[in-house]
Q: 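Sharing a structure here in structure tokens format.
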Amino acid sequence: MTVDVIHDVFIAGGGINGCGIARDAVGRGYSVYLAEMKDLASGTSSWSTKLIHGGLRYLEHYEFRLVREALMEREVLWGMAPHIIWPLRFVLPLHKDMRPGWLIRIGLFLYDHIGGRKALPATKVLDLTRDPAGKPLKDRFRKAFEYSDCWVNDARLVALNARDAADRGATIRTRAKVVSARREGGLWAIVVEDVLTGARDTVKAKLFVNAAGPWVDKLLQNAAGSNTHNVRLVQGSHIVVKKKFADPRAYFFQNNDGRIFFAIPYEQDFTLIGTTDRDYKGDPADVKITDDEIDYLCAGASEYFKEPVTRADMVWSYSGVRPLYDDGASKAQEATRDYVLKAVGADGEPQMLNVFGGKITTYRKLAESMLEKIEAVLGAKGKPWTEGATLPGGDFDRNGFGGLVSRLRTDKPWLPGALAERLVRLYGTKAFVVTKNAHSMAELGRIFGGDLTEAEVNYLIDQEWAVDAEDVLWRRTKLGLKLDADSVKALEAYMQDRRSIRNAAQ
């Protein structure tokens with residue numbers, strides 16, 4: 001079927017960059033169509049270390065512009081979405097065989113002062129023989145620095161940008177694969193296939209934004225006939241282990257190969273350890289953690305913790321591919337994390353604008369930079385607006401999380417405290433929409449396992465494009481860590497039945 005509507009902007013890719021660009025563009029008055037071939041955040045955007053951070057180690061590679069921009073974004077993003085982004089303190093133990101203390105002190109001084117830090121606390125020195133942060137560490141670590149960054153629920157950040165874009169008028173389609181794109185009569189004619197039904201639509205647009213992440217070069221080649229190589233695929237893997245420490249702070253560790261990695265409190269009962277950095281040559285869809293990476297992370301963490309980290313501690317692992325801009329760096333960990341935007345198309349032809357690289361912390365600034373390029377082609381329609389504009393559910397004081405939980409429990413006194421806190425952490429003020437007219441737990445419907453209710457699942461299907469159990473359990477929430485196989489099957493069956501009923505009604 002051919003759609004007669006002509007959109008201003010077509011975006012391929014439902015990761016953080018694609019959804020961020022869609023939100024900014026539609027908010028300025030452009031008509032936007034976004035297609036994602038799988039689920040939102042099903043690629044790189046859900047496989048991060050879950051940090052909004054300046055990138056302390058990037059200072060070693062003289063990426064001062066990137067670090068400054070990222071540091072400035074921390075408090076902006078925290079204010080936009082305080083339910084899914086919040087401050088986190090990091091403990092960096094001094095290791096006598098690694099970077100010297102004076103060098104780290106200089107780096108942290110820059111980190112504190114070049115990014116406009118206002119609300120986040122400054123760096124301080126810790127005596128690990130007295131501070132609780134030293135308790136899980138080996139006795140030889142006696143001194144540390146403590147500094148600030150922020151935590152982010154990365155996949156939810158993507159979903160909330162998509163939801164806000166849709167609320168402002170953008171068309172957001174998941175399980176919608178771009179199978180061809182051609183320039184035709186001064187426009188782009190893009191054939192989009194529904195991967196669930198096989199149905200195809202032709203979407204027409206004035207401008208094509210290629211935000212396909214690891215597939216950006218492939219799409220550029222297929223749509224624009226370009227054979228240039230722009231991205232360097234770098235694999236990053238993480239392991240999730242049984243909780244290794246009770247302290248709410250995270251740890252920043254140096255490894256003996258010069259790399260760094262983190263150990264972070266994760267989903268109340270676990271510890272997240274990562275990441276690795278290694279070049280990747282295969283299909284991004286097939287990436288999996290390797291035995292070598294597991295051994296690397298276990299050995300690195302065991303260098304610091306009194307209680308060794310072993311394979312037996314693992315409850316989950318994940319691995320993803322970062323599409324870094326290929327700047328010719330000799331090592332994967334040295335490749336730039338900065339973003340590069342490039343236009344392809346001869347004069348008079350409809351343009352393709354391509355996104356290479358980037359990091360989740362700077363996605364909003366990347367979107368603003370892309371809008372400058374869109375305006376250069378289509379003409380300006382509106383001013384930058386996303387700084388200070390909250391994401392869905394984020395319309396409360398950034399220090400008011402506890403108060404919002406109390407409000408929800410006052411409104412729903414029968415709601416268990418742990419569930420109320422989890423709902424506010426995921427949905428913010430939208431937790432009141434998830435629970436809406438219910439007057440008891442029974443009225444939230446079936447419980448699929450843990451505290452996942454039918455009402456929450458329905459909300460994710462209706463409002464956040466969730467299609468199957470994996471979408472719900474591993475991207476919209478992380479309840480996959482807590483549900484058994486039978487519960488997962490029951491959830492999948494329920495979602496398939498609901499999808500069938502919806503399809504029959506259309």
Side-chain angles (χ1 to χ4, degrees), residues 1-22 25-26 30-45 158 162 165-166 170-231 233 282-286 321 323 340-356 370 373-374 377-378 465 467 503 506:
M1 180 179 72
T2 300
V3 180
D4 293 331
V5 174
I6 298 174
H7 292 83
D8 292 321
V9 182
F10 179 94
I11 301 171
I16 189 58
N17 290 332
C19 291
I21 293 166
V26 73
Y30 297 103
S31 58
V32 175
Y33 190 113
L34 182 146
E36 161 56 46
M37 65 179 178
K38 296 180 181 177
D39 181 31
L40 297 172
S42 57
T44 305
S45 295
V158 177
T171 298
I172 307 292
R173 285 192 59 194
T174 64
R175 270 73 177 190
K177 184 178 181 179
V178 174
V179 295
S180 70
R182 65 187 185 278
R183 294 179 173 96
E184 183 181 276
L187 299 170
W188 281 100
I190 305 119
V191 177
V192 178
E193 180 180 270
D194 186 319
V195 301
L196 299 177
T197 67
R200 293 188 172 188
D201 295 335
T202 298
V203 182
K204 293 188 176 181
K206 299 173 185 176
L207 190 151
F208 191 130
V209 172
N210 177 8
W215 294 271
V216 63
D217 274 346
K218 183 177 180 181
L219 185 57
L220 180 57
Q221 180 178 353
N222 292 343
S226 171
N227 290 314
T228 59
H229 173 75
N230 299 279
V231 294
L233 300 182
D283 185 337
D286 297 332
V321 174
V340 175
L341 310 178
K342 286 187 177 181
V344 174
D347 290 343
E349 291 183 336
Q351 294 289 297
M352 172 180 274
L353 302 179
N354 302 275
V355 179
F356 304 111
M370 178 59 79
K373 292 186 175 297
I374 291 173
V377 176
L378 301 180
W465 299 273
V467 171
N503 291 340
Q506 290 178 345

Q: For Gln221, what residues pass the side chain to side chain contact (heavy atoms under 4.5 Å, CB included) criterion, not counting sequence neighbours?
A: Asn227
Q: Salt bridge (charged side-chain N to carboxylate O under 4.0 Å, His left out) with Asp8: which residues, sequence neighbours excluded?
A: Lys206, Lys381
Q: Between CD1 of Ile21 and CE of Met370, what distance do you get to the nearest 0.5 Å?
A: 4.5 Å
Q: With sequence neighbours left out, write down each residue that passes side chain to side chain contact (heavy atoms under 4.5 Å, CB included) with Asp283, or none if nothing qualifies.
A: Trp215, Ala285, Asp286
Q: Kindly give the heavy-atom pair with the smallest separation between Gly14 and Glu36, and that separation in Å.
A: N-OE1, 2.6 Å
Q: Taking atom OG of Ser31 and atom CD1 of Ile6, what is their separation to the nearest 0.5 Å?
A: 9.5 Å
Q: Could you work out, with side chain to side chain contact (heavy atoms under 4.5 Å, CB included) as the rule, every residue matching Ala22, not counting sequence neighbours?
A: Ile11, Val32, Leu34, Ala165
Q: Which pair of non-hydrogen atoms, one from Val209 and one from Leu207, has the smallest distance, and what is that distance?
A: CG2-CD2, 3.6 Å
Q: What pair of heavy atoms forms the shortest contact from Ala35 to Ala176, and how long is it?
A: CB-O, 3.7 Å
Q: Can you tell me how far apart CH2 (Trp465) and CG (Leu40) are? Round to the nearest 0.5 Å.
A: 6.5 Å
Q: Evaluate the side-chain contact (heavy atoms from CB on, under 4.5 Å) criterion for residues Arg182 and Val191: first the C-alpha distance (whole Å), next the side-chain angles of each, then the deciding distance (0.1 Å), finally the verdict.
A: CA-CA 9 Å; Arg182 65 187 185 278; Val191 177; 4.3 Å; yes
Q: Scan Ile374, Val9, Leu341 and name whichever one has a side chain to side chain contact (heavy atoms under 4.5 Å, CB included) with Leu353.
A: Ile374
Q: Considering only residues two or more places apart or on different chains, which pairs with a residue in residues 182-207 satisfy ring pair (Phe, Tyr, Trp, His ring centres under 6.0 Å)?
A: Trp188-Phe208
Q: Taking all non-hydrogen atoms of both residues into account, name the closest pair between Leu233 and Gly282 and its distance.
A: CD1-O, 4.3 Å
Q: For Arg175, enumerate each residue passing the salt bridge (charged side-chain N to carboxylate O under 4.0 Å, His left out) test, keeping only those at least two apart in sequence or located in another chain.
A: Asp39, Asp468, Asp471
Q: Please report the closest heavy-atom contact between Val321 and Pro284, naming both atoms and the distance.
A: CG2-CA, 4.2 Å
Q: I need the minimum non-hydrogen distance between Val344 and Arg183, along with the two atoms involved.
A: O-NH2, 3.3 Å
Q: Within this structure, what is the CZ-CG distance for the pair Arg173 and Asp201, rounded to the nearest 0.5 Å?
A: 5.0 Å
Q: Strictly distance-based, threshold 3.5 Å: is any side-chain N or O of Asn354 a donor or acceptor partner for the main-chain N or O of Asn210?
A: no
Q: To the closest 0.5 Å, what do you measure between CD (Glu193) and CE (Met37)?
A: 12.5 Å
Q: Do Val178 and Phe10 have side chains that get closer than 4.5 Å, going by heavy atoms?
A: yes
Q: Calculate, to the nearest 0.5 Å, the distance between atoms NZ and CG belonging to Lys177 and Leu196 respectively.
A: 13.0 Å
